[in-house]
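Computed from a prediction, not measured in an experiment: that's the story for all the values here.
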Protein chains: 2
Amino acid sequence: MPPRDSVNHACPVRDVLDRIGDAWSVLVMLELRKGPCRFNALRRVIDGVSQRMLSVTLRHLERDGLVSRRVLPLAPPQVEYALTPMALGLVERLAQLRDWADTHQPLVRQARDRYDAALSGSPEITR
Amino acid sequence: MPPRDSVNHACPVRDVLDRIGDAWSVLVMLELRKGPCRFNALRRVIDGVSQRMLSVTLRHLERDGLVSRRVLPLAPPQVEYALTPMALGLVERLAQLRDWADTHQPLVRQARDRYDAALSGSPEITR
DNA sequence: CTGGATCCATACGGATACTG
DNA sequence: CAGTATCCGTATGGATCCAG
């Protein structure tokens with residue numbers, strides 16, 4: 001997709017799909033499902049996320065009204081992120097998705113390996 | 001994410017999330033949910049997808065065992081794509097997601113506008 | 001601690017042209 | 001019809017440095 005804004009925004013699904021598009025959003029929301037969490041705590045538990053992407057992701061989620069941001073007025077500044085009420089329904093479905101992923105991941109892996117093997121095994125495939 | 005393969009593949013969720021990551025996969029699967037479909041038919045109905053991306057997307061889905069590909073031996077070659085049994089559960093959940101997106105899209109839009117307005121409205125924001 | 005700003009590599013994705 | 005191959009602009013995302 002080009003500039004992502006010049007495109008067909010008549011399709012409502014796209015809005016949410018775009019948010020789900022970057023894996024981090026999903027991971028963050030699933031994590032926040034367990035309860036409110038602070039920036040670096042998220043950073044540690046998400047595993048693999050750079051500080052920049054976590055920041056960007058959280059801002060996007062906040063913009064879409066899916067995550068709330070609460071600044072605790074403390075000596076070392078603390079910021080707590082939490083799901084908004086609106087996000088709850090979405091997160092439930094995301095959890096359903098994750099469950100499917102968990103249980104079917106081995107099958108997907110198998111299929112993938114079979115596919116790859118079939119390719120490299122084919123006699124006429126030169127590459 | 002870097003090379004997408006050098007990354008943490010210990011996390012099972014990632015595998016499926018990556019597939020869901022590109023919006024096209026979801027759109028294609030939701031379309032195939034209605035029944036088997038041919039290449040150009042998909043191309044027409046998906047709207048916005050380039051021929052290349054549809055091709056790439058379908059190959060990925062096939063590789064993961066989520067979509068089957070059947071070549072009809074006809075004069076003008078025809079290829080029919082369909083969901084595999086394994087994909088059915090996934091697609092159901094994706095449909096759930098799409099439903100949420102449909103019903104909540106206005107709210108997301110609102111939140112987004114409010115967020116943007118708050119930014120440009122803030123006095124101290126120079127940018 | 002919680003980020004924003006910048007720099008830079010690369011992978012994604014569109015357009016186009018070409019095959020079976 | 002159903003793709004594959006190439007070219008090439010652009011957005012994504014990591015690394016690093018800096019600020020409140």
Side-chain angles (χ1 to χ4, degrees), chain A residues 1-8 14 17-25 27-28 36-63 67-82 119 122 124-127, chain B residues 1-8 14 17-25 27-28 36-63 67-82 119 122 124-127:
Chain A
M1 257 141 293
R4 209 109 227 222
D5 279 335
S6 62
V7 202
N8 175 16
R14 285 312 253 288
L17 250 40
D18 284 354
R19 191 92 335 279
I20 285 165
D22 51 321
W24 297 129
S25 290
L27 259 21
V28 166
C37 195
R38 286 180 30 210
F39 189 86
N40 277 344
L42 278 175
R43 185 155 157 48
R44 271 188 300 275
V45 72
I46 297 282
D47 165 86
V49 68
S50 69
Q51 161 234 43
R52 180 180 176 273
M53 286 321 295
L54 180 54
S55 178
V56 169
T57 300
L58 285 170
R59 253 185 298 124
H60 281 163
L61 290 173
E62 192 193 353
R63 186 167 107 100
V67 157
S68 66
R69 187 189 129 111
R70 203 164 57 109
V71 181
L72 289 303
L74 297 177
Q78 294 192 6
V79 182
E80 201 176 68
Y81 293 93
L119 275 192
S122 300
E124 69 282 347
I125 300 288
T126 317
R127 185 171 44 127
Chain B
M1 257 140 294
R4 207 117 227 216
D5 280 335
S6 63
V7 201
N8 174 19
R14 284 315 251 286
L17 251 40
D18 283 354
R19 191 93 334 279
I20 285 165
D22 52 321
W24 298 128
S25 290
L27 259 21
V28 167
C37 195
R38 288 180 29 211
F39 189 87
N40 276 343
L42 278 175
R43 186 155 156 48
R44 273 188 298 275
V45 71
I46 297 281
D47 165 87
V49 68
S50 70
Q51 159 236 43
R52 180 180 177 273
M53 285 321 294
L54 181 54
S55 178
V56 169
T57 300
L58 284 171
R59 253 185 298 126
H60 281 165
L61 289 173
E62 190 193 354
R63 187 166 105 101
V67 158
S68 66
R69 186 191 128 110
R70 202 164 59 108
V71 181
L72 288 303
L74 297 176
Q78 293 191 8
V79 182
E80 200 177 68
Y81 293 94
L119 275 192
S122 300
E124 69 282 346
I125 301 287
T126 317
R127 185 172 43 125

- Message: Salt bridge check, A:Arg44 against A:Asp47: does any charged N sit closer than 4.0 Å to a carboxylate O?
- Response: no
- Item | Derivation of the side-chain contact (heavy atoms from CB on, under 4.5 Å) call for B:Gln51 and B:Leu54 | CA-CA 5 Å; B:Gln51 159 236 43; B:Leu54 181 54; 5.8 Å; no
Does the side chain of [X] reach to within under 4.5 Å of the side chain of [Y], using non-hydrogen atoms?
X	Y	value
B:Leu58	B:Glu62	no
B:Leu17	A:Leu27	yes
B:Val28	B:Val49	no

- Message: Counting only heavy atoms and a strict 4.0 angstrom limit, can you tell me which residues of residues 50-59 of chain B come near DNA chain D?
- Response: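 Those residues whose heavy atoms fall under 4.0 Å from DNA chain D, taken from residues 50-59 of chain B in numerical order, are B:Gln51, B:Arg52, B:Ser55, B:Arg59.
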- With nearest nucleotides of DNA chain D determined for B:Ala41 and A:Pro77 from heavy-atom distances, which residue corresponds to the more 5′ nucleotide?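 Closest to the 5' end, via its nearest nucleotide, is B:Ala41.
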Roughly, in whole Å, what's the span from [atom1] in [X] to [atom2] in [N]?
X	N	atom1	atom2	result
B:Ile46	C:dG13	CD1	P	14 Å
A:Arg43	D:dG14	CZ	C1'	11 Å
B:Asp47	C:dG14	CG	C1'	15 Å
A:His60	C:dG4	NE2	P	11 Å
B:Arg38	D:dG3	CZ	P	10 Å
A:Arg70	C:dC1	CZ	C1'	16 Å
B:Leu72	D:dC1	CG	C1'	12 Å
A:Phe39	D:dG20	CZ	P	18 Å

Pair up each side-chain donor or acceptor in residues 69-82 of chain B with any protein partner under 3.5 Å, not counting sequence neighbours, and list the distances.
unit_1, atom_1, unit_2, atom_2, d
B:Arg69, NH1, B:Tyr81, OH, 3.4
B:Arg70, NH2, B:Glu80, OE1, 3.1
B:Gln78, OE1, B:Arg38, NH1, 3.3

Quick check for you: to the nearest 0.5 Å, what is the distance between [X] atom [atom1] and [Y] atom [atom2]?
X	Y	atom1	atom2	value
A:Arg43	A:Cys37	CZ	SG	13.0 Å
A:Ser25	A:Asp18	OG	CG	10.5 Å
B:Arg19	B:Arg63	CZ	CZ	8.0 Å

- Item | Distance below 4.0 Å between B:Arg69 side-chain N/O and D:dG3 OP1 or OP2 |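 Result: yes.
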- Message: Less than 4.0 angstrom between a side-chain N/O of B:Tyr81 and OP1 or OP2 of D:dG3, yes or no?
- Response: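 So the side chain of B:Tyr81 is within the cut-off, an N or O lying under 4.0 Å from OP1 or OP2 of D:dG3.
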- Message: How bent is the helix from C:dC1-D:dG20 to C:dG20-D:dC1, measuring the angle between the end axes built from five pairs each, rounded to 10°?
- Response: 50°
